[in-house]
Amino acid sequence: MKFNTKAIHAGQKPEESSGAVMPPIFQTSTYAQEAPNVNRGYDYARVGNPTRTALERLIAGLEDAKYCACFSSGVGAIDAIMKTLKPGDHVISTNDLYGGTYRLFTQVFEPYGIEFSFVNMTRLEEVEGAIQPNTKLIWIETPTNPLLRIIDIKAVASFAKNHGALSAVDNTFASPYLQQPLNLGADIVMHSTTKYLGGHSDVIGGAVASSNEEFMEKIRFQVKTTGAVPGPMDCYLTLRGIKTLHIRMDRSVENTKKVVQFLNNHPDVDHVYYPGLPDHPQHELATRQMKDYGAMLSFGLKDDTIEKATRVMAATKIFTLAESLGGVESLISNPASMTHGSIPKEVREKAGLTDSLIRVSVGIEDEEDLVADLDQALTK
Ligand SMILES: *Cc1c(COP(=O)(O)O)cnc(C)c1O
């Protein structure tokens, strides 16, 4: 089955009792048993729920994974992955990663005795230099946030394999439509389904998918034991969103290219960060690794101040000033004063994260309206 067909049908079948084409929202906490431990595959809804199962089968299909487990949030999914490790284990992580992931790694798991090395993962030498006998996991996030750098999944995953470590990819920014990490050799793929998979900014959720039986056994144990599980309504919303992932993504990417072209030629714009631009440092890698270049971009202003960025963002009428991404509506944010505000200015700027940097998640509105909105906002 090709991707667009899988987005609708993977792992889905009409509901048995009624023939309902969409899975019902099984709003229940428990299931009747015929005799102790004799049941129809479900005993208690922390462990499993048929609406959740339908969603898990769909995501597994999209990522070409044998198994998938869903969580109540993206960070809930990352938390479960990290709890498969033991104190004394070592993790190599990209240093350009989602702030919530960094906080979870350094403020929860480091105090619990897991060791981390954060490296610039666009340089394989840095990964090689950080490997230790106790390295158990390599954490990849690509494209990165907010500078849209690209990490070579195939190279890093193969390096991990040679050293007996697992590789995990946070695939939230690309979505499985544009990038399938397991097919590039990664062991684990993780999603914040809050973003492109849900796609409508109306639900929080997470997922872990893998074909590694032993690892997924540990994840299922975490689902049952630590219980960060999604409710059936949230599973339903996410499943409903996924069915249009491919057409939403195509439209968003098309719009993004128009916005990038406009910004790239604007006299007040200093630099546009987008892997689709030929001058992007990993443009060729992005072309090889991804089906297309995505719907996220960032740009810096010649007047490199938080004040100017704030004025531009306040002047947009269609782009909403908000964190998050991947919904049908276009969003705009300033990492220096919002998501990355807690990072000291010198550290930020060294990483290329300047004061005026504006991050954009491009939605599926009309492309001319989006360009016109940015045009009028930049002249304010
Ligand atoms: C949003 C996000 C997360 C966290 O997901 P939540 O659903 O907000 O918990 C993790 N990684 C990336 C890349 C994200 O954008």
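One-based numbering, in listed order, for ligands and for the atoms of each.
No salt bridge links Asp43 with Lys224; every basic N to acidic carboxylate O contact stays at or beyond 4.0 Å. Salt-bridge formation is detected for the pair Asp292/Lys257: a Lys NZ or Arg NE/NH1/NH2 atom is positioned less than 4.0 Å from an Asp or Glu carboxylate oxygen. One finds no salt bridge joining Asp355 and Lys308 here, because no Lys/Arg side-chain nitrogen approaches an Asp/Glu carboxylate oxygen to under 4.0 Å.
Residue Ser192 places at least one N or O, backbone or side chain, under 3.5 Å from an N or O of ligand 1.
Near Asp170, meaning under 4.0 Å from one of its heavy atoms, ligand 1 places the atoms 10 (C), 11 (N), 12 (C), 13 (C). Annotation for ligand 1: atoms under 4.0 Å from non-hydrogen atoms of Glu141 are 13 (C). Atoms of ligand 1 lying under 4.0 Å from at least one heavy atom of Gly74, given by number and element, are 5 (O), 6 (P), 7 (O), 9 (O).
Remark: distances from the non-hydrogen atoms of Gly205 to ligand 1 include one below 4.0 Å.
Ring to ring, Phe118 and Tyr102 are close: their centroids are under 6.0 angstrom apart.
Contact annotation: for Thr194 versus ligand 1, heavy atoms closer than 4.0 Å belong to the side chain alone.
Scanning the protein heavy atoms around atom 8 (O) of ligand 1, the nearest turns out to be Tyr98 OH, 3.9 Å.
For the pair Lys195 and Tyr98, the cation-pi test (distance below 6.0 Å, angle within 45°) is passed.
For atom 14 (C) of ligand 1, the nearest non-hydrogen atom from the set Met190, Met296, His191, Lys195 belongs to Lys195.
Among Leu182, Ile140, Leu137, the one residue that satisfies the side-chain contact (heavy atoms from CB on, under 4.5 Å) test with Ile188 is Leu137.
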